[in-house]
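This report concerns only the one structure given below.
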Amino acid sequence: MASAAEQMAANFSWGTFGKATELRQRIWFTIGLLIIYRLGTYIPVPGIDGGALRNFMEGAQAGLGGILSMFTGGALSRMGVFALGIMPYISASIIVQLLSSMVPALEQIKKEGEQGRKKINQYTRYATVVLAFFQAWGLAVSLQSGGLAHTPGMFFLASVVITLVGGTMFLMWLGEQITARGIGNGISLIIFVGIVAEIPSHLAQFLAQGRTGAISTPVILGVMVMIIAVVAFVVFMERALRKIHIQYPRRQVGMKIYDGQSSHLPIKVNPAGVIPAIFASSLLLLPVTISTFSGNQTGPVMSTILAYFGPGQPLYLLFFTAMIVFFAYFYTHNVAFKTEEVADNLKNQGGFIPGIRPGKRTEDYLTYVVNRVLVLGAAYLAFVCLLPEIIRHQLAIPFYFGGTSVLIVVSVVMDTINQVQSHLLAHQYEGLIEKSQLRGKRKAGEPRPKKAPARR
């Protein structure tokens, strides 16, 4: 039988949405800040030669046209003030999360509740500034050495570094404002908008090659069907759960005895989300990116690495798979689903898995289940990330359709829809409470409702 919340969710209508004033305000606030972000991607960094930049980026699509351009929403190819995008903040967040799970001092701070969370967020901001500075400095030096600066020199380097670091910090603030006062996760929505904004131009280029005969019509139809199938598969796997039965014993409160309750512990097939794909893609694209910004002036070692580990090569695909599997297990056990903490929480709440003793036995059982579930989760991630890579290089598709972008888009859309439904559900509950004339809802000075005569 469907729960009351599910029944209310099924009765949502545009009328209900129109009455939710706060939700509409949050949505408009989010849209406004995202428009500001998109406008910022078109504001160029000072001192850049536009013509030389376009020629440079046309030859750099192999290394930079992939995940880097995807995360910046095209700002990197235009060298806008948001050219670094939100990637420094994402990298800093992941690093701080991993360190807070492995360093005892940071782990203790994380357990301090709200104050600990604020400290961790502050450390993440500091790490973001450091990472953004180093990335901006490397980008500025590369632009100058590549002959893309009007007036090379220290002033050009300083202006580029200050502009790019400031752009990243502004994006970080923008994401926090969306999360606090808008709808959805701000950082994820910024990445989502950057990905979606680049799809029309890439799709138009893809279809244009079909009109000229460079790509046959069956290949175009096959790619479209593949995209729809991959999106449906990602939605199915992201919602897939492994439920573990949890039993709570009978308890006595005063003179009342409450019967034992049963629940379930949900374990996602992919607890790590898109993090393994991001880490693996970033590390594997690093040699190609370094080669691109160095003007292809590479030594024999770097040339060998690029020959064997370039995008689409067999060793590239093999190591891509291995790193996705490694990060899926590593991130899940250290951050996403720490079995030791889950077992301790169950023990403190009096819950237990039927047939499994609380404590160490429960931890071992949860570790066993998570490891087996992650076999499917890691294989799913590797399949989604590798299939578009193989298709793109085998069929020479001109735009970057990556599994990482599909995972991000689907995850953000699902999370945002869930938050919208939660706000609408809360609005419906408030309406029901107001109609029920509860005591807490009476206005000051309003007479109490008359009681019905008691039956004798």
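Below, each value reflects all heavy atoms present in this structure, side chains not excepted, and no hydrogens, waters or symmetry copies. Here the structure is a predicted model, which means the values were calculated and not measured. When a residue number appears, it is its place in the shown sequence, counting from 1.
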For this session: Dump the intermediate steps for side-chain contact (heavy atoms from CB on, under 4.5 Å) on Met226 and Leu387, then the final yes or no.
Result: CA-CA 10 Å; Met226 185 200 71; Leu387 179 63; 4.2 Å; yes
Problem set entry | Note, Arg242 side chain near Val369 side chain (heavy atom, < 4.5 Å) | yes
For this session: Evaluate side-chain contact (heavy atoms from CB on, under 4.5 Å) for Ile244 paired with His264, printing each intermediate quantity in order.
Result: CA-CA 5 Å; Ile244 297 179; His264 66 268; over 6 Å; no
For this session: Mind checking the CG-CD1 spacing from Leu374 to Ile267? Nearest 0.5 Å is all I need.
Result: 9.0 Å
For this session: Verify, without hydrogens or angle tests, whether Thr30 (side chain) and Ile183 (backbone) share a donor-acceptor contact under 3.5 angstrom.
Result: yes
Problem set entry | Distance (rounded to the nearest 0.5 Å) between Phe327 CZ and Met323 CE | 5.0 Å
For this session: Look at the aromatic rings of Tyr126 and Tyr123 and report parallel, tilted or perpendicular, splitting at 30° and 60°.
Result: tilted
Exercise. Is there side-chain contact between Gln135 and Leu139, with at least one heavy-atom pair below 4.5 Å?
Worked result: no
For this session: Evaluate the side-chain proximity of Ile191 to Val412: yes if any heavy-atom separation is below 4.5 Å, no if none is.
Result: no
For this session: Report the distance from atom OG1 of Thr179 to atom CG of Leu174, rounding to the nearest 0.5 Å.
Result: 10.0 Å
Problem set entry | Stepwise side-chain contact (heavy atoms from CB on, under 4.5 Å) check, Leu366 with Val342 | CA-CA 9 Å; Leu366 290 177; Val342 175; 3.7 Å; yes
Exercise. Can you check whether Ile408's main-chain N or O pairs, donor with acceptor, with Ser411's side chain at less than 3.5 Å?
Worked result: no
Exercise. Quick one: CZ on Phe352 to CZ on Arg357, what's the gap to the nearest 0.5 Å?
Worked result: 13.0 Å
Problem set entry | Within-4.5 Å side-chain heavy-atom neighbours: Leu265 and Lys243 | no
Exercise. Between the side chain of Thr416 and the main-chain N/O of Val413, is any donor-acceptor distance below 3.5 Å?
Worked result: no
For this session: Of all the heavy-atom pairs spanning Ile190 and Leu171, show the shortest one and how long it is.
Result: CD1-O, 3.6 Å
For this session: Could you tell me whether Glu107 and Lys338 make a salt bridge, using a distance below 4.0 angstrom between a side-chain N and a carboxylate O?
Result: yes
Problem set entry | Distance-only polar pair, side chains of Tyr365 and Arg361, donor-acceptor under 3.5 Å | no
Exercise. Val45 and Gly80: which non-hydrogen atoms are nearest, and at how many Å?
Worked result: CG2-O, 3.4 Å
For this session: Report yes if some heavy atom in the side chain of Leu381 is under 4.5 Å from a heavy atom in the side chain of Val325; otherwise report no.
Result: no
Problem set entry | Phe233: which of Val406, Val384, Val410, Ile228 passes side chain to side chain contact (heavy atoms under 4.5 Å, CB included) | Val384
Problem set entry | All side-chain contact (heavy atoms from CB on, under 4.5 Å) counterparts of Leu39, not counting sequence neighbours | Ile35
Problem set entry | Check: Phe383 and Ile324 side chains under 4.5 Å, non-hydrogen atoms | no
Problem set entry | Thr168 side chain to Leu164 backbone, donor-acceptor under 3.5 Å | yes
Exercise. What heavy-atom pair brings Asn270 and Gly273 nearest, and what distance separates the two atoms?
Worked result: ND2-O, 3.1 Å
Seminar exercise, completed: The reported gap from CD1 in Ile95 to CD1 in Ile90 (rounded to nearest 0.5 angstrom) is 12.0 Å
For this session: Would you check if Tyr248 and Ser263 make a side-chain contact, meaning some heavy-atom pair closer than 4.5 Å?
Result: yes
Exercise. What are the two closest non-hydrogen atoms of Thr362 and Pro358, and how far apart are they?
Worked result: OG1-CA, 3.3 Å
Problem set entry | Distance-only donor-acceptor check, side chains Glu238 and Tyr380, under 3.5 Å | yes
Exercise. Distance only, no hydrogens: is a donor on one side chain within 3.5 Å (strictly under) of an acceptor on the other, for Thr339 and Thr367?
Worked result: yes
For this session: With the side chain counted from C-beta on, respond yes when Glu341 and Phe337 share a heavy-atom pair under 4.5 Å apart, and no when they do not.
Result: no
Exercise. Would a distance-only check, ignoring hydrogens and angles, find a side-chain to backbone donor-acceptor pair under 3.5 Å from Tyr331 to Ile275?
Worked result: no
For this session: Could you pull out the closest heavy-atom pair between Ala197 and Pro200, with the gap in Å?
Result: O-CD, 3.5 Å
Exercise. Taking the six-membered ring where the residue is Trp, are the ring centres of Phe330 and Phe326 under 6.0 Å apart?
Worked result: yes
For this session: State the OG1-CD1 distance between Thr163 and Ile43, to the nearest 0.5 angstrom.
Result: 10.5 Å
Exercise. Salt bridge between Glu176 and Arg125, side-chain N to carboxylate O under 4.0 Å?
Worked result: yes
Problem set entry | Worked verdict on Glu340 versus Lys360 for salt bridge (charged side-chain N to carboxylate O under 4.0 Å, His left out) | CA-CA 8 Å; Glu340 181 180 359; Lys360 181 63 176 175; over 6 Å; no
For this session: Using modelled atom types only, decide if a donor and an acceptor are shared between the side chain of Ser100 and the backbone of Leu106 within a distance under 3.5 Å.
Result: no
Problem set entry | Exercise: identify the closest heavy-atom pair between Ile36 and Phe82 | O-CE1, 4.3 Å
Problem set entry | Pro152 backbone acceptor or donor facing Gln144 side chain under 3.5 Å | no
Exercise. Going through the distances and angles, do Ile353 and Gln247 end up as a side-chain contact (heavy atoms from CB on, under 4.5 Å)?
Worked result: CA-CA 6 Å; Ile353 301 173; Gln247 186 70 36; over 6 Å; no
